[in-house]
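Along the sequence shown, residues are numbered consecutively beginning with 1.
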Amino acid sequence: MPTEERAPLDVVIVGAGVVGAACAYYATRAGLSVAVVDRGPVAGGTTGAGEGNLLVSDKEAGPELELALLSTRLWRELAAGLPPEDAVEHELKGGLVVAPDETALTALRAFAAGQRAAGVVAHEVPPAELVALEPQLAPGLAGGFHYPQDAQVQPAKAAAALLRAARHRGARVRLGEEVTAILTGTAGAVRGVRTPRGEIHAPAVVNAAGTWGGRVAELAGSHLPVLPRRGFVLVTEPLPPGLIRHKVYAADYIADVASGSAGLQSSVVVEGTPAGPVLIGATRERVGFDRTLSIEALRRLAGQAGALFPVLADAHVIRTYCGFRPYLPDHLPAIGPDPRVPGLHHACGHEGAGIGLAPATGLLVTAALTGAEPPLPAEPFHPDRFPPPDGTPATPGAAS
């Protein structure tokens with residue numbers, strides 16, 4: 001039977017992935033009353049298909065790196081402050097980016113120099129010292145860079161832990177409930193959402209719907225060109241502890257992350273887990289929401305992993321999975337209020353970095369909701385930087 005939330009709410013957050021959970025965590029910590037709504041379970045979308053990367057190493061100096069550095073600090077605080085039963089498997093394992101030749105190493109040096117100027121810790125590692133960091137690495141590499149600030153969490157646990165903390169402060173979490181409309185008043189301002197179970201009223205709605213963020217924007221009469229970018233991950237059998245000590249990837253991964261190509265790209269990222277299996281990613285391609293298994297993508301990943309770590313050539317892959325990264329054309333997330341629809345806020349489009357950038361995103365959204373000073377400049381993430389396809393201003397949603 002349809003129901004209606006009658007107690008006063010300050011904000012409805014659409015999406016129970018790690019970004020929506022972080023928005024709920026910081027909003028409730030600021031004293032706001034919150035409802036989180038998701039058509040599926042906690043971490044049922046991109047978050048549940050992620051590796052849990054908290055990276056600064058793959059981001060060039062600029063707004064996204066600032067967001068990542070803030071989030072790196074916030075994840076450390078969260079890992080230390082959440083109760084033991086909500087442990088998020090935070091590992092300060094560090095990252096190691098390796099170059100196959102002098103040309104790639106020269107490019108890495110220039111990249112790292114810009115990062116250092118922005119506050120990143122990056123140490124060049126000569127070829128002879130790579131084995132001390134990763135004994136199983138293939139010989140013949142030109143060198144690399146060690147990034148001790150890179151870390152990892154278990155993404156589904158992280159989202160669940162943040163939502164539990166928000167619930168302890170009064171947040172309502174409604175799962176298995178799809179938002180079918182954004183309610184607006186006669187002046188076009190947001191007044192809540194509608195689901196098959198009824199209406200939830202609030203003067204603010206946060207769009208944290210990940211790859212479906214563009215659809216939620218459309219419900220409000222706005223425009224956000226979020227597209228899904230598919231990626232596959234291989235999972236090996238449990239292997240000896242410490243076999244892979246860091247998050248290790250080839251230098252071409254950085255270029256793939258920044259690329260706008262729709263075609264299949266693969267650049268290997270290898271990391272161990274506390275339970276023993278090794279995770280091998282990452283591919284990127286824009287194929288809509290097609291979940292068809294790509295043998296070519298898996299073949300590339302397996303070959304690249306074996307070339308980087310010969311010990312993995314004989315390891316058994318026990319499963320594979322794919323997910324969809326929420327991609328925006330300029331590779332920056334949309335965070336903050338949408339001036340085209342008063343009361344609508346966005347927190348999506350993080351592509352493959354949503355887990356790493358979630359806490360800082362939550363803080364930025366909460367600052368906008370409360371009128372507080374943002375923790376860093378928010379202008380680069382403004383949602384209205386994307387004009388509608390025909391170039392005309394977006395039309396606010398009709399009253400509902």
Side-chain angles (χ1 to χ4, degrees), residues 11 13-15 17 19-20 22-23 26 46 58-71 114 118 182 184 188-190 204-229 257-262 284 286 324-397:
V11 59
I13 297 169
V14 183
V19 172
C23 290
Y26 287 105
T46 300
D58 64 339
K59 296 169 181 64
E60 66 178 338
E64 188 183 27
L65 181 57
E66 292 180 28
L67 203 64
L69 286 167
L70 173 58
S71 272
I182 304 292
T184 54
V190 162
V205 170
V206 175
N207 172 16
T211 49
W212 294 97
R215 175 59 181 149
V216 172
E218 288 177 5
L219 290 177
S222 191
H223 170 71
L224 204 59
V226 181
L227 295 172
R229 207 175 183 192
V257 169
S259 168
S261 172
R284 282 173 163 77
R286 293 212 312 271
F324 298 96
R325 306 175 183 91
Y327 163 88
L328 281 168
D330 63 0
H331 301 283
L332 288 178
I335 306 172
D338 189 329
R340 299 161 294 192
V341 184
L344 177 65
H345 297 249
H346 297 286
C348 59
H350 298 75
E351 200 169 335
I355 295 162
L357 302 180
T361 298
L363 270 186
L364 274 176
V365 168
T366 299
L369 289 168
T370 60
E373 185 71 23
L376 49 77
E379 289 77 14
F381 310 109
H382 278 181
D384 62 339
R385 66 187 190 270
F386 302 105
D390 61 2
T392 60
T395 302

Of all heavy-atom pairs between [X] and [Y], which one has the smallest distance, and what is that distance?
{"X": "Pro337", "Y": "Ala368", "value": "CD-CB, 3.8 Å"}
{"X": "Gly188", "Y": "Pro342", "value": "O-CD, 3.9 Å"}
{"X": "Val206", "Y": "Cys23", "value": "CG1-SG, 4.3 Å"}
{"X": "Ala360", "Y": "Ser71", "value": "N-OG, 3.0 Å"}
{"X": "Pro374", "Y": "Ala367", "value": "CA-CB, 3.9 Å"}
{"X": "Val341", "Y": "Ser222", "value": "CG2-CB, 4.0 Å"}

Do [X] and [Y] come within less than 4.5 Å of each other through their side chains, counting heavy atoms only?
{"X": "His350", "Y": "Val19", "result": "yes"}
{"X": "Glu64", "Y": "Leu357", "result": "yes"}
{"X": "Leu67", "Y": "Leu332", "result": "no"}
{"X": "Pro375", "Y": "Leu364", "result": "yes"}
{"X": "Pro326", "Y": "Cys348", "result": "no"}
{"X": "Pro377", "Y": "Glu66", "result": "yes"}
{"X": "Thr361", "Y": "Pro333", "result": "no"}
{"X": "Tyr327", "Y": "Pro225", "result": "no"}

In Å, rounded to the nearest 0.5 Å, how long is the span from [atom1] of [X] to [atom2] of [Y]?
{"X": "Asn207", "Y": "Leu224", "atom1": "CG", "atom2": "CG", "value": "7.0 Å"}
{"X": "His346", "Y": "Ile335", "atom1": "NE2", "atom2": "CD1", "value": "12.0 Å"}
{"X": "Leu376", "Y": "Phe381", "atom1": "CG", "atom2": "CZ", "value": "6.0 Å"}
{"X": "Leu219", "Y": "Ile182", "atom1": "CG", "atom2": "CD1", "value": "5.5 Å"}

Intermediate values then yes/no, side-chain contact (heavy atoms from CB on, under 4.5 Å), Arg286 and Leu227: CA-CA 8 Å; Arg286 293 212 312 271; Leu227 295 172; 3.9 Å; yes
[X] side-chain N/O to [Y] backbone N/O, donor-acceptor pair under 3.5 Å:
{"X": "Thr211", "Y": "Phe324", "result": "no"}
{"X": "Arg385", "Y": "His382", "result": "yes"}
{"X": "Thr366", "Y": "Gly362", "result": "yes"}
{"X": "Thr46", "Y": "Arg325", "result": "no"}

With Pro339 via side-chain contact (heavy atoms from CB on, under 4.5 Å) - residues at least two apart: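 Checked Pro339 against side-chain contact (heavy atoms from CB on, under 4.5 Å); matches are Asp384.
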ring-ring contact (aromatic ring centres under 6.0 Å, His included) partners of Phe386, counting only residues at least two apart: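 By the ring-ring contact (aromatic ring centres under 6.0 Å, His included) rule, Phe386 matches no residue at all.
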Side-chain H-bond candidate by donor/acceptor type, Glu351 with His331, under 3.5 Å: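 Looking only at side-chain atoms, His331 and Glu351 do form a donor-acceptor pair, the distance falling under 3.5 Å.
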